Amino acid sequence: MKNSGIDYNKFKDFPKSYDYENIEKKIGKIWEENEIYKFSLDAGKNPPRKIIFSIDTPPPYVSSAHLHVGHVMSYSQAEFIVRYKRMRGFNVFYPMGFDDNGLPTERYVEKKYKVNKAKITREEFIELCLKETKIGIETYKNLWKSAGISVDYSLSYSTIDDRCRRAAQKSFIELFNKNLIQRRNDPILWCPHCRTSLAQADIAIEEKNGTLYDIEFTSSQGEGLIISTTRPELLGACVAIYANPEDKRYISLKGQEVIVPVYNKSVPVRYDESVDVDYGTGLMMVCTWGDMEDVRKWKEHKLNTAIIIDTAGRLTQPSGTYAGLNTTEAKKRIVEDLRSLSLIKGEKSVIQNVGIHDRCETPVEFIQAYQWFIKILEERDKFLRASEEMNWHPAFMKERYVEWVNNLRWDWNISRQRFYGVPFPVWYCKGCEEVILAGEKELPVDPLVSNPSVSSCPKCGGTVFEPEKDVMDTWMTSSLTPLINAGWADPERSGNKKFMNMVYPMSMRPQAQEIIRTWLFYTVVKSVYHTGQIPFKEVMISGWGLDKNGKKMSKSLGNFVEPEGIITRYSADALRYWSARANLGQDLRFNEEDTANGRRLLIKIWNSARFLITNVDNGFNPHEKDLAALGLGAVDRWVVSEFERTLKSCEDYMESFEYASALKTLTDYFYNIYCDNYLEIIKNVFWDDDEKSLVRRNKVLNVMYFISCNLLKTFAPFFPFITEELFLSFYRYFEGGESIHLSVWPEYRKELEDDNSVKIVEILLDILSASRKLRTNLNLHQNHKIDKLLIKAMNKDYAEIINGLGDDIKSAARVKRIVFSDEAYFSTANEDIYIGLT
RNA sequence: GGGCGGAUAGCUCAGUCGGUUAGAGCAUCGGCUUUACAAGCCGGGGGUCGCAGGUUCGAACCCUGCUCCGCCUACCA
């Protein structure tokens, strides 16, 4: 690049301190104004970016109030890799979505406005949701921008927008046509608080303290039978008594009926191997339905049905006097009644594992209703095979996925009896219940406001249609993010198979560990079903940000650290430094000290660059000659050689997503080799004005430029702000280009590795280290110039090397002369070399 | 009950293929301020690598068992 127009004088005024607060704001603006991260299919002439690297980034859900540094950690860790890939010449496709439909948003709005589903109209509710969605998106964007997340925000999608609704509905129709979706009247998981059905993935397990009651039933022959249960309120729903077929105590009950207390109804005795002989009395009551096991027995043994709980979790008429009570109240009442009948024969405290709805923590019940299911149980193998085709980082995270798939119990129920979600593109014929689907061109459609395109039922000719009122599970949409990003359901892209093939399967899916069973799994399901392909090639799973005591940060615990304050006090780059300290997939405690360390590193980077910038001479041109052609001294070759090794190792780490080790390698080099040794050894050349120093100065400047510029580039994925600022205010004049983040990653040049220089400089470093120790022992200032450095070298080769390094040793040890002398008494790390100072 | 991860210096964490005396940062202690940086530099001290066995010439690392912490999962009602 031509550099005759450079104003070298302004380099002399380079700011002494790094004003991160203002500079980060300024750089953020520059990126935005110049659209540095904008995706374009034909992006980049220099360098040409032919291969697309596409990222399926998590769309955060609307409630932005819960954001903490752990989120920044997760997004940053993925972003280190993205920035690295961008500098490696990939055309980065990095869209950001916002997950703002479905129950999470509804829950958030319910809490914030203290409303509930029963007391608000659908329209009012949706309006509030849309309002909060907008606020949430803005808050998120601002935070991600201030954290330096280099997404192309013009590619944003929101899971409630037309595009996403179209995709979700298209997915439904396609799966329906492939016979992978069906509507069934099944017992399902139900949240009495949200009054909606749920899928297995929406359930969390919570340990609760409960009571195990021993209740006396009566056999048809009048014999008392003790049965232990934690749910006496379900007595009215009891449809059978079970024993283990091996249990001799109860063989005689075979064929008998048992009288359920309070209700005085007869239920049959059945046998099943799943009954634990040693639990309680070995007798078990089975209800409609207390848990999944009840459901299984009900199905397999075709038991009677006695439903006594309604959609609000209240007992119904068949429960008799308990009708209208919720389960907790009913339990209390029925226990009182049993007690007065002397039928409670014992009780003890137990810890139960109760399934709760993960959004509202209400214990789930089982009810029966027509629901839409996506078949997943019979296709497990496909989903397991898909996991083999993806590269998992870290590898052990795959196990969690495999475990989940192996433990699936239910097909995926996608029906939700809620308001704010994507509607099913479905009507039912009133005459024959035939399912009428919307046409693909009509999408997105809301059957509550539109009519089907057919005027009569193709099956029975009926002309009256009922719209499906339920909405789809929010994961029905977010499971499509790779396809949404690829324009799979976009009419304007429909002719452009080429684009889809370029970005899909996505190159990388970064995400947090807790949504492996939901987002990751469901995305695999959809991809396999729709395209027969895996959705992405690389899976990158981050750990959690923990608080100081090792607890997961969460709003409810009140232990979360807000990123904004940290960014203000320490800078976004410093927060990213903390994020880079955890190995991928490992949880990391948040420690303000670490961000302070990050800030120290940034300041050091600033100052070391400043040392170069303020010392370049007018007309300085680092590209005049190749480094190798400058006739460098041993120390220069050493620092370059070590850099090349560092670069190689950094690259290898980044390629395997081990950003933490990459950064560690870089900072070790930067501190120990470049700053503390190289700069300390050579800095004399800027103080002395003798002929020798002047000649040396030019070489040193070239070396400093080479190292610091390349090091800056390798730091850029981690610290995008400070590296950009330094690039724009200095290096750009020699490198060209408009952003360090669009510049080319340094080329590893093996020919610059120089083992000989490393060996030679090791001797210098041994002497330097010993002289520093000696100065400390003598209470001498490290820079205080001393007259003589005494050296005793008990090996001829060493003496020769030391002679050759004379100027550098004098410079490094801050001495005027080197004298070989047997009076050198102070040992160095090299047992054949001793030194002394006089 | 099953699965996964973790336990290394006072604290937060590295530790690659099993290989010299187990590392870093912070903290701590001592020293040093005109000459990139005191938000700095130089130096020191600090470890039974969770416990117990085993394999090996050699183990923080591999094997077995156990303890504690975290997460996921499960039908002891």
Side-chain angles (χ1 to χ4, degrees), chain A residues 14 16-18 200 203-205 210 212-213 227-231 234 242 272 274-280 282-287 290-297 350 352-353 355 394 396-404 406-407 409 513-514 516-517 543-544 546 548 550-552 570 578 581-583 585-591 593-594 596-615 649 652-653 656 658 660-661 664 667-668 671-672 675-676 679-680 683-684 686-688 704 768-769 771-784:
Chain A
F14 189 77
K16 200 166 158 63
S17 66
Y18 174 43
Q200 188 181 349
I203 309 301
I205 305 284
L212 183 65
Y213 298 95
I227 292 173
S228 302
T229 180
T230 53
R231 300 203 63 183
L234 289 179
Y242 271 77
D272 192 279
S274 69
V275 179
D276 185 344
V277 176
D278 297 324
Y279 191 88
L283 284 176
M284 174 189 218
M285 88 172 184
V286 170
C287 309
D291 56 34
M292 274 195 223
E293 191 57 13
D294 285 354
V295 174
R296 184 183 71 79
K297 292 195 180 79
V350 287
Q352 295 173 271
N353 294 309
F396 68 76
M397 288 293 180
K398 187 168 80 176
E399 295 308 312
R400 303 194 177 180
Y401 172 95
V402 169
E403 272 291 300
W404 174 255
N406 282 331
N407 282 308
R409 292 299 175 108
Q513 54 187 325
E514 72 269 23
I516 291 175
R517 66 180 194 171
W544 283 328
L546 307 178
K548 243 190 151 147
K551 289 258 176 281
K552 192 190 171 192
Y570 298 97
W578 167 72
R581 282 183 36 83
N583 278 342
Q586 298 297 338
D587 298 342
L588 182 65
R589 294 177 193 214
F590 182 74
N591 196 334
E593 285 291 331
D594 280 337
N597 288 337
R599 188 174 58 182
R600 277 186 201 116
L601 172 59
L602 300 175
I603 290 165
K604 188 94 177 167
I605 291 173
W606 183 267
N607 284 315
S608 69
R610 181 169 168 270
F611 190 29
L612 167 68
I613 294 170
T614 55
N615 274 304
S649 140
D652 291 345
Y653 282 129
S656 51
E658 291 176 67
S661 299
K664 178 87 170 36
T667 51
D668 281 352
Y671 272 105
N672 301 331
C675 290
D676 293 348
L679 293 184
E680 287 302 323
K683 73 200 307 186
N684 265 355
F686 298 105
W687 306 345
D688 301 338
M704 286 168 72
L768 177 57
S769 164
S771 103
R772 282 169 173 169
K773 273 183 208 173
L774 194 47
R775 278 174 185 267
T776 298
N777 287 356
L778 301 171
N779 287 355
L780 284 172
H781 178 6
Q782 298 296 335
N783 274 350
H784 181 259

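Letters A, B, ... mirror the listed sequences (proteins, then strands); counts begin at 1. Bear in mind the structure is a predicted one, so any value in this text is a computation, not a measurement.
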Inter-nucleotide [atom1] distance ([N], [M]), Å rounded:
N     : M     : atom1 : result
B:C63 : B:C26 : C1'   : 37 Å
B:C72 : B:C37 : C1'   : 48 Å
B:G46 : B:C11 : C1'   : 13 Å
B:G25 : B:C42 : P     : 10 Å
B:U34 : B:U16 : C1'   : 46 Å
B:G58 : B:C13 : C1'   : 27 Å
B:A60 : B:G50 : P     : 10 Å

Scan [X] against the nucleic acid and name what it touches under 4.0 Å (heavy atoms): base, sugar-phosphate only, or nothing.
X        : result
A:Arg772 : sugar-phosphate
A:Ile205 : sugar-phosphate
A:Asn406 : nothing
A:Arg599 : base
A:Asp294 : nothing
A:Lys683 : base
A:Val275 : base

N/O donor-acceptor pair under 3.5 Å between A:Gln200 side chain and A:Arg409 backbone: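 Between the backbone of A:Arg409 and the side chain of A:Gln200 there is a qualifying donor-acceptor contact (under 3.5 Å).
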Taking pairing as Watson-Crick or G-U wobble with both contacts under 3.5 Å, can you name the mate of [N], or confirm there isn't one?
N     : value
B:U67 : B:A7
B:C17 : none
B:G45 : none
B:U33 : none

Audit row: A:Arg400, A:Glu403, salt bridge (Lys or Arg N to Asp or Glu O under 4.0 Å) steps and yes/no: CA-CA 5 Å; A:Arg400 303 194 177 180; A:Glu403 272 291 300; over 6 Å; no
base_contact_polar (B:C37 base, A:Glu680 side chain, donor-acceptor, <3.5 Å):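 Such a pair exists between side chain and base.
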Anti versus syn assignment for B:C62, with syn defined as within 90° of 0: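 With its glycosidic angle more than 90° from zero, B:C62 counts as anti.
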Stepwise side chain to side chain donor-acceptor pair (under 3.5 Å) test for A:Arg600 and A:Asn597: CA-CA 5 Å; A:Arg600 277 186 201 116; A:Asn597 288 337; 2.6 Å; yes
Toward the 5' end of RNA chain B, by each residue's nearest nucleotide, A:Trp404 or A:Leu546: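 Taking each residue's closest nucleotide, the earlier one in sequence belongs to A:Leu546.
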5'-most by nearest nucleotide on RNA chain B - A:Trp687 or A:Asp594: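 First, find each residue's nearest nucleotide; the 5'-ward one identifies A:Asp594.
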Between CG on residue A:Asp676 and OH on residue A:Tyr671, distance to nearest 0.5 Å: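 Going from CG on A:Asp676 over to OH on A:Tyr671, the span is 8.5 Å.
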